[in-house]
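Comments concern the structure below.
Basis for what follows: all heavy atoms, side chains included, without hydrogens, waters or symmetry-related copies. Whatever order the structure lists ligands and atoms in, that order sets their numbers, starting from 1.
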Amino acid sequence: MTALQARWQELADIKDELALRDWFMGTSGNLAIKVQDAPLEFLVTASGKDKRKRTSEDFLLVDASGKAVDDTPLKPSAETLLHCEVYSKTNAGCSLHIHTVANNVISEIYGDQGKIDFKGLELIKAFGLWDEDAVLTIPIIPNHAHIPDLAEEFQKHIQADSGAVLIRNHGITVWGKDGFEAKKLLEASEFLFQYQMALYQIHSQ
Ligand SMILES: CSCCC(=O)C(=O)COP(=O)(O)O
Ligand SMILES: [Zn+2]
């Protein structure tokens with residue numbers, strides 16, 4: 001199996017798992033996985049597809065600028081530039097973006113603060129934060145319809161080989177060293193958002 005085939009299968013399996021969680025409502029979301037460095041090439045989801053379906057046209061190979069490497073009628077995700085920023089600034093191997101009710105609600109409640117902090121919750125360990133007093137901070141950036149502007153805002157918060165950024169009333173993008181790590185951060189983030197939303201509802205009664 002070639003590296004391309006292996007990464008394709010890895011990303012297709014992740015896509016299926018996220019689809020089972022109903023994390024691709026209304027064709028939202030996009031996924032990417034690095035295939036090679038120097039020159040950078042990564043697989044990204046084709047734009048506008050129903051990501052719950054598994055087909056031979058789910059992904060296409062793009063270069064460091066987000067352009068298709070091969071001659072194809074498929075269009076790369078409209079948000080490919082965000083994935084380009086991840087791979088140009090880090091050693092991450094996989095980046096995932098989804099829209100959920102929980103990540104949208106949390107991004108709106110805490111959007112004016114520009115971040116949300118989580119402390120004292122076991123699941124922040126998924127981000128490698130094991131100390132008793134550790135705080136997980138997830139930045140929240142404004143949404144921009146113009147993707148180059150969104151990518152510019154987003155890249156300011158890429159400071160390590162793994163991380164997460166919330167885009168206000170849009171969704172979350174996470175990245176990690178491989179598909180397993182990126183998916184772990186995504187699941188942990190969504191757990192934390194659901195927890196915080198439930199707590200907020202109780203406190204506002
Ligand atoms: C219908 S959701 C609006 C676009 C978006 O935010 C998204 O995540 C999906 O866009 P893509 O081009 O990757 O399908
Ligand atoms: Zn999106």
Side-chain angles (χ1 to χ4, degrees), residues 7-8 10-35 40-70 72-88 92 94-108 110-111 116 138-158 163-176 179 182-183 185-187 189-190 193-194:
R7 296 291 82 76
W8 181 293
E10 188 179 351
L11 196 58
D13 289 345
I14 290 170
K15 189 167 78 62
D16 284 353
E17 282 189 50
L18 304 189
L20 278 175
R21 296 186 184 276
D22 208 9
W23 281 352
F24 295 127
M25 286 193 180
T27 74
S28 64
N30 37 78
L31 315 177
I33 197 160
K34 188 157 75 175
V35 174
L40 173 68
E41 289 183 356
F42 64 92
L43 284 168
V44 67
T45 41
S47 185
K49 299 257 183 196
D50 181 349
K51 282 127 195 155
R52 289 168 297 198
K53 305 256 173 9
R54 188 166 175 138
T55 79
S56 60
E57 300 195 321
D58 287 341
F59 313 116
L60 65 156
L61 200 60
V62 297
D63 63 18
S65 65
K67 300 277 180 307
V69 168
D70 304 310
T72 170
L74 299 175
K75 290 215 177 325
S77 165
E79 292 161 0
T80 299
L81 280 183
L82 278 74
H83 299 284
C84 291
E85 293 290 351
V86 168
Y87 300 121
S88 75
C94 182
S95 46
L96 308 172
H97 166 76
I98 59 161
H99 303 195
T100 64
V101 172
N103 69 36
N104 274 245
V105 169
I106 291 298
S107 76
E108 177 59 15
Y110 295 90
I116 179 165
I138 299 183
I140 305 172
I141 63 172
N143 196 16
H144 294 282
H146 185 58
I147 301 302
D149 289 348
L150 182 60
E152 174 56 28
E153 189 87 37
F154 171 74
Q155 63 84 23
K156 295 175 193 163
H157 300 278
I158 304 175
V165 173
L166 263 175
I167 307 166
R168 190 166 182 170
N169 283 323
H170 178 162
I172 188 170
T173 299
V174 302
W175 62 96
K183 188 162 69 73
L185 297 193
L186 191 62
E187 289 173 347
S189 300
E190 291 299 322
F193 299 149
Q194 287 172 30

Roughly how far, to the nearest 0.5 Å, is the CG atom of L96 from the NZ atom of K183?
9.5 Å

Would N104 and S107 count as having a side-chain donor-acceptor pair, cut-off 3.5 Å?
no

Looking only at protein heavy atoms, identify the closest one to atom 3 (C) of ligand 1 and say how far it is in Å.
H99 CE1, 4.3 Å

the protein heavy atom lying closest to atom 13 (O) of ligand 1 turns out to be S77 OG, 2.6 Å

Is a side-chain donor-acceptor pair under 3.5 Å present for N143 with H170?
yes

For ligand 1, which atoms, with element, lie under 4.0 Å from some heavy atom of H170?
6 (O)

Taking 4.0 Å as the limit for heavy-atom contacts, which would you say applies to K51 with ligand 1: side chain only, backbone only, both, or neither?
side chain

Does a salt bridge link E187 with R21, judged by any charged N lying under 4.0 Å from a carboxylate O?
yes

In ligand 1, the atoms that come under 4.0 Å of a heavy atom of A78 are 11 (P), 12 (O), 13 (O)

Heavy-atom proximity to atom 8 (O) of ligand 1, best of G26, G29, A46
G29

H170, N/O/S atom nearest the Zn ion (ligand 2)
NE2

Report yes or no: does H97 contribute a side-chain atom to a donor-acceptor pair with the main-chain N or O of G29 at less than 3.5 Å?
no

Atoms in ligand 1 with a heavy atom of G48 nearer than 4.0 Å
11 (P), 12 (O), 14 (O)

Near N30, which atoms of ligand 1 are under 4.0 Å from a heavy atom of that residue?
7 (C), 8 (O), 9 (C), 10 (O), 13 (O)

Give the atoms of ligand 1, by number and element, whose distance to some non-hydrogen atom of E79 is under 4.0 Å.
4 (C), 5 (C), 6 (O), 7 (C), 8 (O)

Quick test: of every protein heavy atom, which one is nearest to atom 12 (O) of ligand 1, and how far off is it to 0.1 Å?
S47 OG, 2.6 Å

So for K75 against ligand 1, with non-hydrogen atoms under 4.0 Å, the contacting part is neither

Looking at H97, which atoms of ligand 1 are within less than 4.0 Å of one of its heavy atoms?
8 (O)

Please determine whether a side-chain nitrogen of the Lys or Arg among D58 and K49 lies less than 4.0 Å from a carboxylate oxygen of the Asp or Glu.
no

Would you say T27 touches ligand 1, if touching means a heavy atom closer than 4.0 Å?
yes

Taking the Zn ion (ligand 2) as the vertex, what is the angle from NE2 of H99 to OE1 of E79, given to 10 degrees?
160°

Backbone of P76 reached by a side-chain donor or acceptor of K67 within 3.5 Å
no

